[in-house]
Protein chains: 2
Amino acid sequence: MSNSQDTNRLAVGTAGSYSRADVVETALNILDEFGLADLSMRRLAGVLDVQPSALYWHVPNKQTLLALVADQIIDRAAVVNPDDFVKAGSLDWKARTLAEATAIRDGLLAFRDGAEVVSSTLALGLGAGEALARIRAGIDGFCSDAEVARVAAESILFLVLGQVWHEQQRMQADSLGVVAPAVGATPEDAQLANEDEVQRIDSFEFGIQLILDGLEKKLAATR
Amino acid sequence: MSNSQDTNRLAVGTAGSYSRADVVETALNILDEFGLADLSMRRLAGVLDVQPSALYWHVPNKQTLLALVADQIIDRAAVVNPDDFVKAGSLDWKARTLAEATAIRDGLLAFRDGAEVVSSTLALGLGAGEALARIRAGIDGFCSDAEVARVAAESILFLVLGQVWHEQQRMQADSLGVVAPAVGATPEDAQLANEDEVQRIDSFEFGIQLILDGLEKKLAATR
DNA sequence: ACCTGAACACCGTTCAAGT
DNA sequence: ACCTGAACACCGTTCAAGT
């Protein structure tokens, strides 16, 4: 009856009906284990041991389901404590914004195809909206112009999503044995394959820093 | 025989067999008219008046087809003339890089879902690789550190793809009547709806400028 | 060289009906 | 409130066979 494969029936032996949260949770499991391409409504129904049509009682369509999944991915990203960035009485806004971006990055990396799911859902203004607000909270520590803060935060978010998505695409390509070396890679880059982890993190911070430095300069000029 | 709908039989009356280029061209037409969701192998075959299986003689799978489509989108972006950015004998590398980014942006906007197609193909290193090289050519006018140039160019490319994709997603969402206001939008933003075109272009340039300014500062410090 | 025909193993979504 | 069963209109891909 209770076999070890049954990890999806949340609370086995309880009343046999699912909540929307259960459906989203199971979708998240499938996503992480098998990737976005294998996250179908039919497969999800199969794991829940339910007819595909049953899902449409919990969720109006697949797009909405994916938006809810994206929402969860962002919600589960680590929270940054602003107090950690108060140095000598004043807030280090650049360090804090970088920390927010890094937390979101790690949150995206925590689920297979996380960046693609969140990106493709961005226009619906769920999960990604939360991510944007977090980055913006960091910038607001220094920037009083709301329009400037919004555009800068968007830029950082696009950068985070783009980098992580690209990275996750390459993970999949690599695991499928598709050759394709890194875009823009030179032969020298290939030799650094072993230090790949380090290289990657540096690239991430570097790009964000460019934007933060650019923003700092722009704001200093208007003072 | 020749009716006005027959825009796809390239060179009507010629030998009845298609080339790979014909297949890609037709795919590009479907993409632009109906969007990525409607670009299926079966539909493409239908437009070419051929069995779906016939496509697999020209192309190994759909993913490759999409990569070729992405390639074409980038190839058709306007070319920037470096000479236009020589002022008082020296090259304005920031203006040139911005021009390259803008040309790529316009190229993506020229096809429905252009940014999504190119993004989802990025890891395969076709079309997007060309785009990266173009941005990098601008940066190389000022930056001699290849690693820095590569990462900066990647950042700009992610920014361009992210912005255009988001914009194209919103176009589709708007046309389908999905409400979802702009991510991070405030009530005041809504009042500027009529000046949307201007706002959008400003946001685009602003984000790129942040990166260029950040890069300039970083390089000035290492001198 | 280029394509047909048939098949395989899938999709998302709707809707009347059940409990 | 939550789900079944059956159906509709699709997918991408393979492969033997044709011309």
Side-chain angles (χ1 to χ4, degrees), chain A residues 8-27 30-31 33-70 113 116-117 120-121 124 172 176-178, chain B residues 8-27 30-31 33-70 113 116-117 120-121 124 172 176-178:
Chain A
N8 289 102
R9 195 90 204 180
L10 325 161
V12 183
T14 308
S17 68
Y18 291 113
S19 66
R20 170 185 270 217
D22 297 332
V23 171
V24 173
E25 182 66 33
T26 306
I30 295 173
L31 178 72
E33 264 193 83
F34 305 100
L36 184 57
D38 283 345
L39 175 49
S40 68
M41 296 299 270
R42 294 181 110 102
R43 180 160 194 166
L44 175 55
V47 171
L48 290 168
D49 199 26
V50 127
Q51 294 296 317
S53 52
L55 299 175
Y56 291 84
W57 192 89
H58 297 284
V59 124
N61 49 49
K62 189 181 181 182
Q63 196 184 179
T64 302
L65 200 240
L66 286 180
L68 294 169
V69 167
D113 295 333
E116 184 173 357
V117 172
S120 65
T121 270
L124 288 111
Q172 197 178 333
L176 292 179
V178 186
Chain B
N8 290 101
R9 196 89 203 182
L10 325 162
V12 183
T14 308
S17 69
Y18 290 114
S19 67
R20 172 185 270 218
D22 296 333
V23 171
V24 173
E25 182 66 33
T26 306
I30 295 173
L31 178 73
E33 264 192 84
F34 305 99
L36 184 57
D38 284 345
L39 174 49
S40 68
M41 297 299 270
R42 294 182 110 102
R43 180 160 192 166
L44 175 54
V47 171
L48 291 168
D49 200 25
V50 128
Q51 294 296 316
S53 51
L55 299 175
Y56 292 84
W57 192 90
H58 297 283
V59 125
N61 50 48
K62 188 181 180 180
Q63 195 183 179
T64 302
L65 199 239
L66 286 180
L68 295 169
V69 166
D113 294 332
E116 185 174 357
V117 171
S120 66
T121 270
L124 289 111
Q172 198 178 334
L176 293 179
V178 186

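A, B, ... follow the sequence lines: proteins, then strands. Residue 1 opens every chain. Atoms considered below: every heavy atom in the structure, side chains included; atoms not considered: hydrogens, waters and symmetry mates.
Between the CG atom of D49(B) and the C1' atom of dC2(C) there is a distance of 15 Å, given to the nearest Å. Computed from coordinates, the F34(B) CZ to dC11(D) P distance equals 13 Å when rounded to whole Å. Distance CZ (R20(A)) to P (dC2(D)): 12 Å, rounded to an integer number of Å. Put simply, CH2 on W57(B) is 19 Å from P on dA16(D), counting in whole angstrom units. Taking atom CG on L44(B) and atom P on dC11(D), their separation rounds to 11 Å, with Å as the unit.
Scanning both residues, A27(A) and V69(A), for their nearest heavy atoms gives CB-CG2, 3.8 Å. Here the closest non-hydrogen pair linking Y18(A) and V50(A) is CE1-CG2, 4.3 Å. Closest heavy-atom contact between S17(A) and D22(A): O-OD2, 4.4 Å.
Rounded to a whole angstrom, the distance from the P atom of dA9(D) to that of dA9(C) is 23 Å. dA17(D) sits 13 Å from dC2(C) when the C1' atoms are compared, rounded to a whole Å.
Side-chain contact between L44(B) and L65(B): present, with at least one pair of heavy atoms (C-beta onward) separated by less than 4.5 Å.
Here H58(B) does not reach the OP1 or OP2 of dA1(C): none of its side-chain N or O atoms lies under 4.0 Å away. Between Q51(A) and the phosphate of dC3(D), there is no side-chain N or O to OP1/OP2 separation shorter than 4.0 Å.
Sorted by first and then second residue, the side-chain hydrogen bond (donor to acceptor under 3.5 Å, both in side chains) pairs with a member in residues 37-48 of chain A form an empty list; sequence neighbours excluded.
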Might you list the N or O atoms of the protein lying below 3.5 Å from N or O atoms in nucleotides 17-19 of chain D, with each pair's distance?
none

Please write out each protein N/O paired with an N/O of nucleotides 12-15 of chain C under 3.5 Å, distance rounded to 0.1 Å.
{"residue": "dG12(C)", "atom": "OP1", "partner": "M41(A)", "partner atom": "N", "Å": "3.1"}
{"residue": "dG12(C)", "atom": "OP1", "partner": "K62(A)", "partner atom": "NZ", "Å": "3.0"}
{"residue": "dG12(C)", "atom": "OP2", "partner": "M41(A)", "partner atom": "N", "Å": "2.9"}
{"residue": "dG12(C)", "atom": "OP2", "partner": "R42(A)", "partner atom": "N", "Å": "3.3"}
{"residue": "dG12(C)", "atom": "N7", "partner": "R42(A)", "partner atom": "NH1", "Å": "2.6"}
{"residue": "dG12(C)", "atom": "O6", "partner": "R42(A)", "partner atom": "NH1", "Å": "2.8"}
{"residue": "dT13(C)", "atom": "OP2", "partner": "Y56(A)", "partner atom": "OH", "Å": "2.8"}
{"residue": "dT13(C)", "atom": "OP2", "partner": "K62(A)", "partner atom": "N", "Å": "2.9"}
{"residue": "dT13(C)", "atom": "O5'", "partner": "Y56(A)", "partner atom": "OH", "Å": "3.4"}

Check residues 55-62 of chain A and write down every donor-acceptor pair under 3.5 Å in which the side-chain atom is one partner and the other belongs to a residue at least two apart or another chain.
{"residue": "N61(A)", "atom": "OD1", "partner": "Q63(A)", "partner atom": "N", "Å": "3.4"}
{"residue": "N61(A)", "atom": "OD1", "partner": "T64(A)", "partner atom": "N", "Å": "2.9"}
{"residue": "N61(A)", "atom": "OD1", "partner": "T64(A)", "partner atom": "OG1", "Å": "2.8"}
{"residue": "K62(A)", "atom": "NZ", "partner": "L39(A)", "partner atom": "O", "Å": "3.1"}

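The CG atom of L124(A) sits 10.0 Å away from atom CG of L66(A), with the distance rounded to the nearest 0.5 Å.
Stretches of at least 3 consecutive Watson-Crick or G-U wobble pairs, with each checked distance under 3.5 Å, appear in DNA chain D as C:4-8 with D:12-16, C:12-16 with D:4-8.
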